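Following: one structure in structure tokens, then a few remarks.
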Amino acid sequence: QRFLDVFLKVCDAVDYAHHRRVVHRDLKPENLMLGAHGEVYVMDWGVAGIMEGPAPSRPTVEGFAARDTLGAGSRPKTQVAGTPGFMSPEQAQGAADLDGRSDVYALGLILQEILTLKPAVTGTAIQRIARNQLGEREPPRHRFGARLPSELLAIVDKASAPEREDRYPSAGELAEDVRRYLRGDAVLAQPDTPWMALLRWVGRHRAGVTVAGLVLLSVAVVVVSGLQVQRLRERASAQQHEQALAAAVANTAERAAAIDARLLRYEGLLEGLGSAAFEVLTAPAQDRPQYWATDFDAGQVPGLATAPYYGAPVSVEHAALLTAPGGTSENANKLVRLHRAMQRAVLHSGEPEGSAWERIAVQGQPLSWVSVALESGLLTTFPGHGGFPEGYDPRQRPWYRLGAESERATWGAPYVDSGGLGLLLPCSAPLRAGGELVGVASIKLSLDKLIGDLLEVPGAHAVIVDAEGRVVVDARDLGLHQGQSELRNQPMERALYPVEGVVETIRTGRSGSVWVSDQELVLFHRLGVLGWWYVVRGEAALLVPDDGE
């Protein structure tokens, strides 16, 4: 269903282009991109042409140079543009009068790949072009032996007919035939037999047929009619059951998307911090005041004061510097310039109103700590603070290793902050120059402030679990760990989600639902950014938002 919905959007985009007299000529799965929120993009119009116009002056074929031939001992009369395996016969033969039906042919091949989970045309590049010229395809058989609907196979056959006159006249008509199938109507590519037409009519008039049957049965015997009435009541109850489930699933997916959107925003802040770090490290050094962790411990930093949110003296105007044992303070006069970029990242993570002190030190922001450490052992962290344990080496911290062992921004496991800020979620990114690790930029986010409000579902219990089904964040725990420091920044022990069937489904990578009882169910939806799962349990009626909220 999801892939067919995407396919319809692709057809609509291509149909729009055809109405503007543009033919794509290189439709293939690699040129179809999906966004995080259901957007569909038809990409790479580099070899597109105007219908009934001349071919581009420098066309290309993926995997071929202009001198390559299409087969042994032959050369094309006209250069060909497109990708072997996704070209219509007329396109593969070098025809200059391509129209929208050439793109319809490629859409048919893409639809076959959606149905079978394998390419419609196989072989080497030369073999695929030769098969394209003849309009040959693989027999449409599912990769894992699943049964394929005959209506959709007929649509593929019509869209990918070797002769363009036998295809759908437009991408819009191809899409409409697919929509007929999804509605349960007969498709133009495979008209119904009288028997099939009767079955479809009955399916569209189930209520009327059922009532007529009940009237006849009531005339024959009162007992049987009573049983039929009971069956109708059960059907109505089941329909209400399904409607409640559908609404709850939609609400859960919406909440998961909101969490994903926030996490993407914070990844962007980390990306900006990494860029700022490279900028200051490659710029000439400047003579600026430097405040080391020992200066914070001695109270010798301007603006240093006890922050209600952090429960300790911090500075929202200056970052702290620290050198690990055996490290070097080289580049400290460069790294000190990062404090403004770090302050902006913290401020931009939360509400925009109030002074920097009020927003960071009093209210607290979702982004609680920002750090940049270099391989040389030099660390800068914001808000500026002291209190580091003796022998502190940032390169040995889990957040540093998280970034150093990754190729991009990576989220780690939540832990209880030793400073008393509750559950923190780290995200770290490596700083590399010429493939060599220079350092790591890291942000630590307060889960209470980050997703606490999104996990609060009245009358229900929400958690976040990892890809193995272990509970990572529990809404009941949010706020409970504030002020605790006995775990000393160690990841928490996590138990498997306790509902049978949920863990097994999550490990297959699928979202879904599990009914715990007649009224209570568990819904779970994947968080794309983390690769974790948003899971909520409660009565179906309580999982549906009121008044569209």
Side-chain angles (χ1 to χ4, degrees), residues 7-32 40-71 74-113 119-121 123 125-137 155-178 189:
F7 179 78
L8 290 175
K9 292 181 181 179
V10 173
C11 289
D12 292 341
V14 174
D15 194 46
Y16 171 81
H18 291 171
H19 278 286
R20 302 303 296 267
R21 309 304 300 159
V22 176
V23 58
H24 190 286
R25 304 203 308 174
D26 197 22
L27 292 173
K28 55 184 177 180
E30 290 83 353
N31 287 340
L32 309 177
V40 178
Y41 300 90
V42 180
M43 311 295 292
D44 194 1
W45 297 76
V47 297
I50 302 300
M51 295 184 194
E52 301 178 359
S57 58
R58 296 181 65 187
T60 60
V61 178
E62 182 180 89
F64 279 73
R67 64 180 180 275
D68 289 328
T69 60
L70 298 181
S74 67
R75 292 179 64 84
K77 296 179 181 179
T78 304
Q79 281 188 316
V80 181
T83 297
F86 288 94
M87 293 187 287
S88 64
E90 62 271 19
Q91 182 179 358
Q93 293 164 8
D97 60 336
L98 300 182
D99 58 19
R101 291 172 294 180
S102 183
D103 283 345
V104 168
Y105 186 95
L107 289 170
L109 298 181
I110 292 171
L111 180 57
Q112 176 169 333
E113 187 163 339
V121 180
I126 293 178
Q127 290 171 341
R128 279 179 281 155
I129 289 184
R131 297 187 71 184
N132 284 150
Q133 290 177 326
L134 299 175
E136 292 182 354
R137 297 177 286 121
I155 291 175
V156 170
D157 289 341
K158 184 173 178 64
S160 300
E163 299 296 330
R164 68 175 86 181
E165 293 78 15
D166 297 333
R167 302 173 201 154
Y168 291 97
S170 68
E173 294 191 40
L174 165 60
E176 186 54 32
D177 224 8
V178 175

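Everything numeric here is computed off the predicted structure, so don't read it as measured data.
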Mind checking whether [X] and [Y] have side chains closer than 4.5 Å, heavy atoms only?
{"X": "S160", "Y": "Q112", "value": "no"}
{"X": "K28", "Y": "D26", "value": "yes"}
{"X": "L27", "Y": "V42", "value": "yes"}
{"X": "R164", "Y": "D99", "value": "yes"}
{"X": "P89", "Y": "Y105", "value": "yes"}
{"X": "Y41", "Y": "L32", "value": "no"}
{"X": "V121", "Y": "F86", "value": "no"}
{"X": "Y16", "Y": "V22", "value": "no"}

So how far is it from [X] [atom1] to [Y] [atom2], rounded to the nearest 0.5 Å?
{"X": "C11", "Y": "H18", "atom1": "SG", "atom2": "NE2", "result": "10.0 Å"}
{"X": "H24", "Y": "M43", "atom1": "NE2", "atom2": "CE", "result": "9.0 Å"}
{"X": "N31", "Y": "I110", "atom1": "CG", "atom2": "CD1", "result": "8.5 Å"}

For this session: Flag yes if more than 12 heavy atoms outside E165 fall under 6.0 Å of its CD atom; otherwise flag no.
Result: yes
Exercise. What residues form a side-chain contact (heavy atoms from CB on, under 4.5 Å) with E176, not counting sequence neighbours?
Worked result: R179, R180, R183
Closest approach of [X] to [Y] (non-hydrogen atoms, all atoms of both residues):
{"X": "M51", "Y": "G100", "result": "CE-N, 3.5 Å"}
{"X": "Q91", "Y": "S102", "result": "OE1-OG, 3.2 Å"}
{"X": "A171", "Y": "L107", "result": "CB-CD1, 3.9 Å"}
{"X": "G85", "Y": "N132", "result": "N-OD1, 2.7 Å"}
{"X": "A159", "Y": "L174", "result": "CB-CD1, 4.1 Å"}
{"X": "A81", "Y": "R25", "result": "CB-NH2, 3.4 Å"}

Problem set entry | Step-by-step side-chain contact (heavy atoms from CB on, under 4.5 Å) determination, I155 to Y168 | CA-CA 9 Å; I155 291 175; Y168 291 97; 3.5 Å; yes
Taking the basic N atoms (NZ, or NE/NH1/NH2) and the acidic carboxylate oxygens, is any pair closer than 4.0 Å for [X] and [Y]?
{"X": "R20", "Y": "D15", "answer": "no"}
{"X": "R101", "Y": "D166", "answer": "no"}
{"X": "E163", "Y": "K158", "answer": "no"}

For this session: Kindly say whether P162 contributes a backbone atom to a donor-acceptor pair with the side chain of R167 at under 3.5 angstrom?
Result: yes
For this session: Say whether, by atom type as modelled, one donor and one acceptor occur between the side chain of R137 and the main chain of A120 under 3.5 angstrom.
Result: no
Seminar exercise, completed: The salt bridge (charged side-chain N to carboxylate O under 4.0 Å, His left out) partners of D103 (sequence neighbours excluded) come to none
